[in-house]
Amino acid sequence: MNYISLSDKDKKEMLDEIGISTVDELFTSVPKNIKLKRLLDVPAALSEPELVDKLREIAEKNKNAGLLSFLGAGAYQHYIPAVVDYLSSRGEFVSPYTPYQPEVSQGTLQVIFEFQTLICQLTGMDIANASLYDGASGAAEAVLMANRLTRKEKILVASTLHPQYRQVIKTYTRNLGLSIEEIDFVNSGKIDTEQLAKKIDEETAAVVCQSPNFFGIVEDIQTISNIAHKKNALSVCVVSEPISLGILEPPGKLGADIVTGEAQAFGMPLSFGGPYLGFMACSKKYLRQFPGRIAGQTKDVDGKQGYVLTLSTREQHIRRERATSNICTNQALCLLRATMFLETLGKCGLRDMATHNLYKADYARQKISEVKGVEARFSGTSFNEFVLSFNRPWVEIESSLREKLIIGGYDLQKDYPGLKNCALFCVTEMHKKEDIDKLVEILDEILRQ
Amino acid sequence: MMIREPLIFDISGTEKKAFSMPELDVPERKDLLKDIPSREEIEDFPQISEIEIVRHFTRLSKTNYCIDEGFYPLGSCTMKYNPKVNEKVAALDGFTSSHPYAALDVNQGNLEVLKTTEKLLQEITGMDAFTLQPSAGAQGESVGMMLIRACLEDRGDPRKIVLIPDSAHGTNPSSAHICGYQVQEVKSNESGTIDVDDLVKMLSEEVAAVMITNPNTLGVFENDIKRIADIVHAKGGFVYMDGANMNALLGICRPGDMGADVIHLNLHKTFSTPHGGGGPGSGPVGVKKKLEPYLPVPLIEQNEGIYSFNYERPKSIGRVRAFYGNFLVVVKALAYILSLGAEGLKEVSEIAVLNANYIRKKLEGIYHLKYSTPALHECVFSDKFQKKYGVQNLDIAKRLIDLNIHPPTMSFPLIVHGALMIEPTETESKRDLDMFINAMQQIAEEAREDPKILKSAPHKSYVRRLDETYAARNPILRWQPTQE
């Protein structure tokens with residue numbers, strides 16, 4: 001199947017018009033010695049029915065159907081209202097380019113403006129951008145932004161920040177002379193604020209922590225921000241599970257200067273890790289160093305309200321190597337889905353969803369803690385994830401659970417050697433009480449053996 | 001004219017709902033909220049009914065122009081038709097409901113998608129290995145430059161400078177800068193290609209790489225590419241090829257055969273995945289063997305039919321994003337390649353180039369063509385002929401909106417003053433091409449006869465010309481409760 005709309009007659013007429021007889025003549029500027037003298041070695045073309053069969057066959061090699069999963073760790077299963085899939089699949093949203101021509105892109109632009117507002121309301125910040133690639137690159141962009149704002153090069157990163165986000169920060173900063181130091185965690189599962197107070201100095205550009213952190217525990221952002229501000233460093237708060245913002249005090253009210261994170265939870269299916277949705281918000285005094293696209297309100301020649309991409313003098317297409325980021329294409333359609341998700345849930349719906357996560361995860365943690373051979377590792381209050389410590393290697397338990405069609409938690413030992421036999425479990429509103437009870441029962445069975 | 005759709009916040013009521021949760025089936029432990037800093041409510045968050053949501057977004061959607069509606073010749077952006085079957089297969093539950101951290105035996109299908117796509121892209125580009133992790137072209141560029149730097153550092157000399165032609169996209173210098181490089185601009189010659197003599201003069205042992213877009217942003221094939229690559233390699237430098245314009249080259253020639261050491265592709269351009277109003281895209285990076293050790297982790301391996309991730313890559317630059325890239329975008333690109341086959345892929349480029357040259361031929365003489373060098377998949381005119389009537393490229397672009405056509409890319413590349421960069425792609429019918437040509441002819445005539453109609457365009461759009469200066473000087477970047 002190809003998607004060409006020219007008939008042979010059309011082609012002939014067009015070639016005649018150009019004044020040549022074959023299409024090959026259009027490629028004379030390509031030197032002979034680099035021309036491909038054979039056809040590409042790719043599989044034969046498939047018709048639509050064959051293509052659907054082929055891809056379905058591959059999709060079915062994923063054996064996730066019918067499994068009960070308690071995995072989170074930066075990718076969360078939440079209910080997605082039907083209107084989100086329905087409305088976001090409209091061609092008018094799916095098939096335009098970046099809104100460079102605002103007069104014919106008001107839909108996309110107004111949605112960005114609404115998204116920016118929703119993110120500000122959730123995070124308690126003044127301004128938000130029109131998305132970044134994902135939470136990890138968002139964290140990295142925040143570090144670069146803090147470096148530009150403070151002209152300081154030391155970055156303190158909580159060890160409770162998502163391990164992959166920490167890796168991406170390292171990759172992004174590897175050629176820029178920044179030094180990255182990690183802050184340990186204590187028995188509550190929160191970061192060691194005493195250690196932070198010792199490690200921080202006037203050379204520190206930013207303190208980066210995540211809340212709820214990688215262990216699911218709500219960090220004390222106010223204390224961390226206070227420590228940062230005393231040394232004129234910026235407080236960067238990363239949120240990888242933003243449903244939590246439905247009940248948590250916004251980081252902006254707790255002293256955070258930059259709030260960034262992953263908004264996959266707002267209407268993006270798990271999809272093996274992407275496409276997801278990075279977001280970023282900050283105080284308006286940092287606007288000039290803010291990365292990414294921003295939509296702003298303006299008026300047309302008749303005085304009618306409208307929206308445009310604005311403040312583009314920060315961006316690569318104007319400022320080239322001096323831009324605040326090289327980002328161009330972002331995650332616009334994911335932003336649209338998040339906007340639909342949040343507006344559909346609304347004030348009460350988001351709060352209800354958040355409290356269900358809190359209560360269900362707490363119920364699961366309580367119940368599992370009653371099982372012999374397993375205990376909750378940390379004492380801090382968690383949102384919808386918690387760390388369990390087992391009396392035997394996690395891999396054994398994981399495979400026993402799989403036999404019972406359960407995908408257990410995330411193995412923490414690979415990232416945190418000190419957390420031997422520990423796994424991170426996630427419980428959301430998608431889990432019914434029976435699901436949790438089943439997990440408890442099976443864990444009990446496994447640990448009795 | 002359509003009535004303005006208000007912001008959701010302006011139509012939000014109280015106690016209205018478009019969603020409700022099931023009854024809570026576990027104990028309600030309100031005391032937990034005392035242990036954490038919690039909020040009473042999300043101030044001013046929307047409260048609205050379901051039909052209001054549906055109408056809000058349906059009305060907003062109608063104010064967007066899109067490829068499904070009509071011709072969208074945005075140069076350098078490759079706005080081709082997005083096949084609907086690709087959306088269907090990417091929405092298969094087996095893909096969408098898979099968790100990135102689930103065990104490998106649960107995710108074999110996903111790994112097969114990634115590995116198969118890597119191999120196909122290797123064949124299409126002539127490169128030796130790929131990473132699909134970068135989320136878009138710009139992230140691909142910075143990955144490519146990081147790979148070069150890592151390899152040079154391994155040799156004990158990271159070098160300092162990256163050479164970039166003055167016709168390049170702004171992301172090129174920005175990406176090089178992020179990798180700690182100074183950018184020096186190479187001039188274009190009168191054919192619109194890289195001035196090789198100028199390049200040779202600028203080359204030194206301090207030059208880490210030359211970033212070349214091929215075909216370049218004028219649509220012109222850099223026919224000295226092989227020679228340039230040889231010269232750069234002789235000085236120990238690398239050739240980065242920006243593959244944003246790969247739509248002109250499928251099955252015609254391959255970056256790997258031209259001397260490119262590293263390239264990025266834009267799956268959301270050449271491989272038909274939809275742009276979504278600005279993403280998600282995908283920017284795979286392909287490399288030659290010598291750069292393979294530095295690719296981001298993890299790499300996918302296949303042994304006896306079983307796929308696995310390899311993290312044991314001591315020289316890797318690390319990760320550039322969480323998980324494995326914009327996976328569903330890759331699924332769509334794979335579906336596209338599988339539907340086309342070898343002949344179909346070649347036909348894409350042949351027809352893309354035919355369509356662009358047809359437009360160029362028809363508009364030559366009516367609009368100024370700064371470079372007469374033969375071009376491939378796009379053509380770059382300027383407003384020079386219309387300037388004498390006081391008409392600029394912006395006016396031409398806005399008038400096209402009245403004629404129900406999306407404007408071309410404007411004012412880029414920077415080497416063409418008042419540029420109108422037109423890329424029709426292969427999927428357009430002759431009827432649509434002719435409609436565009438007629439519209440452009442009509443506008444040229446209006447410029448002579450009635451320039452006012454252009455200066456005040458668009459007239460028929462949902463909003464008329466917007467004040468971008470005002471927006472930048474008085475930034476209103478969110479709704480505020482006091483706003484009326």
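Each chain gets a letter, A, B and so on, in the order its sequence line appears, and its residues count up from 1. From a predicted model like this one, the values you see are computed outputs, not experimental measurements.
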Verify the distance criterion only: is there a donor paired with an acceptor across the side chains of Ser175(B) and Asn326(A) at less than 3.5 Å?
yes

Under the criterion side-chain hydrogen bond (donor to acceptor under 3.5 Å, both in side chains), I'd like the reasoning laid out for Arg319(B) against Thr171(A): C-alpha separation, chi angles, the key distance, then a yes or no.
CA-CA 6 Å; Arg319(B) 278 183 170 281; Thr171(A) 310; over 6 Å; no

Non-hydrogen atoms of chain A under 4.5 Å away: do they reach the side chain of Leu74(B), the backbone, both or neither?
side chain

Might you work through the side-chain hydrogen bond (donor to acceptor under 3.5 Å, both in side chains) test for Glu114(A) and His56(B), ending with a clear yes or no?
CA-CA 12 Å; Glu114(A) 291 185 6; His56(B) 179 61; 2.8 Å; yes

Is any side-chain N of the basic residue among Arg29(B) and Asp362(A) closer than 4.0 Å to the acidic one's carboxylate O?
yes

Among Phe27(A), Tyr410(A), Tyr97(A), which has the most heavy-atom pairs under 4.5 Å with chain B?
Tyr97(A)

What part of Ile351(B) is in contact with chain A, defined as an atom under 4.5 angstrom from a non-hydrogen atom: side chain, backbone, both or neither?
side chain

Pick one of side chain, backbone, both or neither for Leu24(B), based on which atoms fall under 4.5 Å of a heavy atom in chain A.
both

Leu92(B) portion near chain A, given a 4.5 angstrom heavy-atom threshold:
side chain

Do Val83(A) and Glu50(B) have side chains that get closer than 4.5 Å, going by heavy atoms?
yes

Within the side chain of Ser7(A), is there an N or O that forms a donor-acceptor pair under 3.5 Å with the backbone of Asp10(A)?
yes

Mind telling me whether Tyr65(B) and Tyr72(B) have parallel, tilted or perpendicular rings, with 30° and 60° as the class edges?
tilted

Proximal component of Lys432(A), with respect to chain B [non-hydrogen, under 4.5 Å]
both

Report which part of Lys299(A) has an atom under 4.5 Å of a heavy atom belonging to chain B: side chain, backbone, both, or neither.
backbone

Under a 4.5 Å cutoff for heavy-atom pairs, which residue among Tyr133(A), Tyr165(A), Tyr276(A), Tyr359(A) has the most contacts with chain B?
Tyr359(A)

Honestly, the part of Ile4(A) sitting under 4.5 Å from a heavy atom of chain B is both

Quick one: do Glu347(B) and Lys11(A) make a salt bridge, cutoff under 4.0 Å?
yes

Do the side chains of Asp126(A) and Arg478(B) get close enough for a salt bridge, i.e. N-O under 4.0 angstrom?
no

Quick one: does any side-chain atom of Ser174(B) pair with a main-chain N or O of Thr171(B) as donor and acceptor, under 3.5 Å?
no

Salt bridge flag under 4.0 Å for residues Lys360(A) and Asp25(B)
yes

Side chain, backbone, both or neither: which part of Arg402(A) has a non-hydrogen atom closer than 4.5 Å to chain B?
side chain

Contacting moiety of Tyr81(B), where chain A heavy atoms sit under 4.5 Å
side chain

Quick one: what part of Ser20(B) sits under 4.5 Å from any heavy atom of chain A, side chain, backbone, both or neither?
neither

Judged by atom type as modelled, is there a donor-acceptor pair below 3.5 Å linking the side chain of Arg293(A) to the main-chain atoms of Thr98(A)?
no

Is it true that Phe272(A) and Tyr324(B) have ring centroids separated by less than 6.0 Å?
yes

Name the member of Ile178(B), Ile48(B), Val220(B) that forms the most heavy-atom pairs with chain A at distances under 4.5 Å.
Ile178(B)

When Glu429(A), His162(A), Glu60(A), Gln77(A) are compared by non-hydrogen pairs under 4.5 Å with chain B, the top option
His162(A)

Please classify the contact between Tyr363(A) and chain B as side chain, backbone, both or neither, with a heavy-atom cut-off of under 4.5 Å.
side chain

Any side-chain donor paired with an acceptor under 3.5 Å for Thr298(A) and Asp467(B)?
no

Proximal component of Leu67(A), with respect to chain B [non-hydrogen, under 4.5 Å]:
side chain

Measure distances from Ala73(A) to the heavy atoms of chain B and classify the residue's part below 4.5 Å as side chain, backbone, both or neither.
both

Bottom line for Leu338(B): the part with an atom under 4.5 Å from chain A's heavy atoms is both

Out of the candidates Leu32(B), Ile42(B), Leu33(B), only one should pair with Ile247(A) under the side-chain contact (heavy atoms from CB on, under 4.5 Å) rule; please name it.
Leu33(B)

Which region of Pro458(B), side chain (C-beta onward) or backbone (N, CA, C, O), has a non-hydrogen atom less than 4.5 Å from a non-hydrogen atom of chain A, or is it both or neither?
side chain

Looking at chain B, which one of Glu103(A), Lys433(A), Lys61(A) has the largest number of heavy-atom pairs inside 4.5 Å, strictly under?
Glu103(A)

Could you go step by step and tell me if Gln331(A) and Ser131(A) meet the side-chain hydrogen bond (donor to acceptor under 3.5 Å, both in side chains) rule?
CA-CA 6 Å; Gln331(A) 303 288 111; Ser131(A) 85; over 6 Å; no

Ile221(A) versus chain B, heavy atoms under 4.5 Å apart: side chain, backbone, both or neither?
neither

Backbone N or O of Thr381(A) within a donor-acceptor pair of the Asp35(B) side chain at under 3.5 Å?
no

Heavy-atom pair count under 4.5 Å with chain B, highest-scoring of Ile327(A), Leu176(A), Ile407(A)
Leu176(A)

Side chain, backbone, both or neither: which part of Arg149(B) has a non-hydrogen atom closer than 4.5 Å to chain A?
side chain

Report the option among Val94(A), Val308(A), Thr313(A), Val218(A) that has the most heavy-atom pairs separated by less than 4.5 Å from atoms of chain B.
Val94(A)

With a 4.5 angstrom heavy-atom cut-off, which part of Lys80(B) approaches chain A: side chain, backbone, both or neither?
neither

Residue among Gly318(B), Pro374(B), Ser38(B) with most heavy-atom pairs under 4.5 Å to chain A:
Ser38(B)

Is Lys430(B) close to chain A through its backbone or its side chain, or both, or neither, when contacts mean heavy atoms under 4.5 Å?
both

Just give me the residue among Asn82(B), Asn355(B), Asn266(B), Val329(B) that pairs up with chain A most often, heavy atom to heavy atom, under 4.5 Å.
Asn355(B)

Examine whether an atom of Leu354(B) lies under 4.5 Å from a heavy atom of chain A, and if so say whether it belongs to the side chain, the backbone or both; otherwise answer neither.
both

Under 4.5 Å between any side-chain heavy atoms of Gln110(A) and Leu7(B), yes or no?
yes

Chain A contact via His268(B) - side chain, backbone, both or neither, heavy atoms under 4.5 Å
side chain

Thr310(A) versus chain B, heavy atoms under 4.5 Å apart: side chain, backbone, both or neither?
side chain

Cys328(A) versus chain B, the contacting section by heavy-atom distance below 4.5 Å:
both

Specify which of Gln108(B), Glu428(B), Met258(B), Glu112(B) makes the most heavy-atom pairs with chain A at under 4.5 Å.
Glu112(B)

Heavy-atom distances under 4.5 Å only: say whether Asp105(B) touches chain A with side chain, backbone, both or neither.
both

Only pairs of heavy atoms separated by less than 4.5 Å count here; which of Lys398(B), Glu5(B), Glu468(B) has the most with chain A?
Lys398(B)

Residue among Thr409(B), Val183(B), Leu334(B), Asn357(B) with most heavy-atom pairs under 4.5 Å to chain A:
Asn357(B)

Side-chain donor-acceptor contact under 3.5 Å, Arg321(B) with Ser135(B)
yes

Taking the side chain as C-beta and beyond, is there a heavy-atom pair between Glu87(B) and Ser89(A) under 4.5 Å?
no

